Amino acid sequence: MKINIAYPATGAQKMIEVDDERKLRIFYDKRMATEVKGDGLGDEFKGYVFKITGGNDKQGFPMKQGVLLPQRVRLLLSKGHSCYRPRRTGERKRKSVRGCIVAADIAALSLVVVKQGEQDIPGLTDVQVPKRLGPKRANNIRKMFNLTKEDDVRKYVIRREIPSKKHEGKVNTKAPKIQRLVTPLTLQRKRNLRAIKRRNVESSKEAAANYATLLAQRIKEKKEKRHEAHIKRRLSSTRKSATN
């Protein structure tokens, strides 16, 4: 079985091949996201604690979290499910996936170091892999370089060099677009939005007041008409009674 071990603290990964069945027994019948002590793998892993993050069987089918079986199953998967990428909107497909319980037919197992042991693992814990990209959010850049709010974040963006394909020897630089950067333009936009909102509230209040006065006037006019009609009816009834 191939075991791929990742160490997030250094960003390094190492792949080891273990053929001894007795050493692999510590992972059998364990579910994904289970923490396993690495003492059974050998003396160099003494004190280490690993977390099972996934794996593939001998035919290349991936393990899926939540499928509590040690064998392969066919599931109807849709958007949002792991082990499946829909090609069309609303598409669903029945795919073969492996259960999340480790068994003997697993060909490759992925582990993450949760706790470091007594000794360093060469090529894993003693190696520092540099980060390819720097922080993108304005506050994260400030945190990294210990900046204040008065400092210009745009001067501290980590740029990476890319060799030019057209011109040999020329090097182009690339930098990320800073997210959540507060500039005079964003403040102006915010002020403008607030002013628009304020104007809308005032205009709606004014429209409501105008409507209320108009409604009151119409009701008053209606009442007056009804009153006039009532008086007319009374007068006509008194005239008829007088003639009789």
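Bear in mind the structure is a predicted one, so any value in this text is a computation, not a measurement.
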Verify, without hydrogens or angle tests, whether Gln188 (side chain) and Pro184 (backbone) share a donor-acceptor contact under 3.5 angstrom. no
What donor-acceptor contacts under 3.5 angstrom involve side-chain atoms of residues 31-42, with partners at least two apart or in another chain?
from  : atom 1 : to    : atom 2 : distance (Å)
Thr34 : OG1    : Arg31 : N      : 3.4
Thr34 : OG1    : Arg31 : O      : 2.7
Asp39 : OD1    : Gly47 : N      : 2.9

ILVMFWY clustering at 4.5 Å (side-chain atoms), partners of Leu77: Val67, Leu69, Val73, Leu75, Tyr84, Val97
Using residues 48-56 as the side-chain source, report each donor-acceptor pair under 3.5 Å to any protein atom, sequence neighbours left out, with the distance given to one decimal.
from  : atom 1 : to     : atom 2 : distance (Å)
Tyr48 : OH     : Gln119 : O      : 2.6
Thr53 : OG1    : Ser110 : O      : 3.1

Looking at Ile121, Val127, Val112, Thr125, which one forms a side chain to side chain contact (heavy atoms under 4.5 Å, CB included) with Tyr7? Thr125
Residues 203-211, side-chain donor-acceptor partners within the protein, below 3.5 Å, at least two apart:
from   : atom 1 : to     : atom 2 : distance (Å)
Ser203 : OG     : Arg199 : O      : 3.1
Ser203 : OG     : Asn200 : O      : 2.9
Ser204 : OG     : Asn200 : O      : 3.1
Ser204 : OG     : Val201 : O      : 2.7
Asn210 : ND2    : Glu206 : O      : 3.3

So that I can tick it off, tell me whether Arg72 and Asp57 are bridged by a salt bridge, with the cut-off set at under 4.0 angstrom between side-chain N and carboxylate O. yes
Report, one line per pair, each donor and acceptor closer than 3.5 Å where one atom sits in a side chain of residues 15-23; sequence neighbours left out.
from  : atom 1 : to    : atom 2 : distance (Å)
Asp20 : OD1    : Arg22 : N      : 3.2
Glu21 : OE2    : Tyr28 : OH     : 2.6

Is there a donor-acceptor contact under 3.5 Å from the side chain of Asp126 to the main chain of Gly123? yes
Check residues 214-223 and write down every donor-acceptor pair under 3.5 Å in which the side-chain atom is one partner and the other belongs to a residue at least two apart or another chain.
from   : atom 1 : to     : atom 2 : distance (Å)
Gln217 : NE2    : Glu221 : OE2    : 3.4

Between Arg132 (side chain) and Pro130 (backbone), is there a donor-acceptor pair under 3.5 Å? no
Any Lys/Arg nitrogen of Asp105 or Arg98 sitting under 4.0 Å from an Asp/Glu carboxylate oxygen of the other? yes
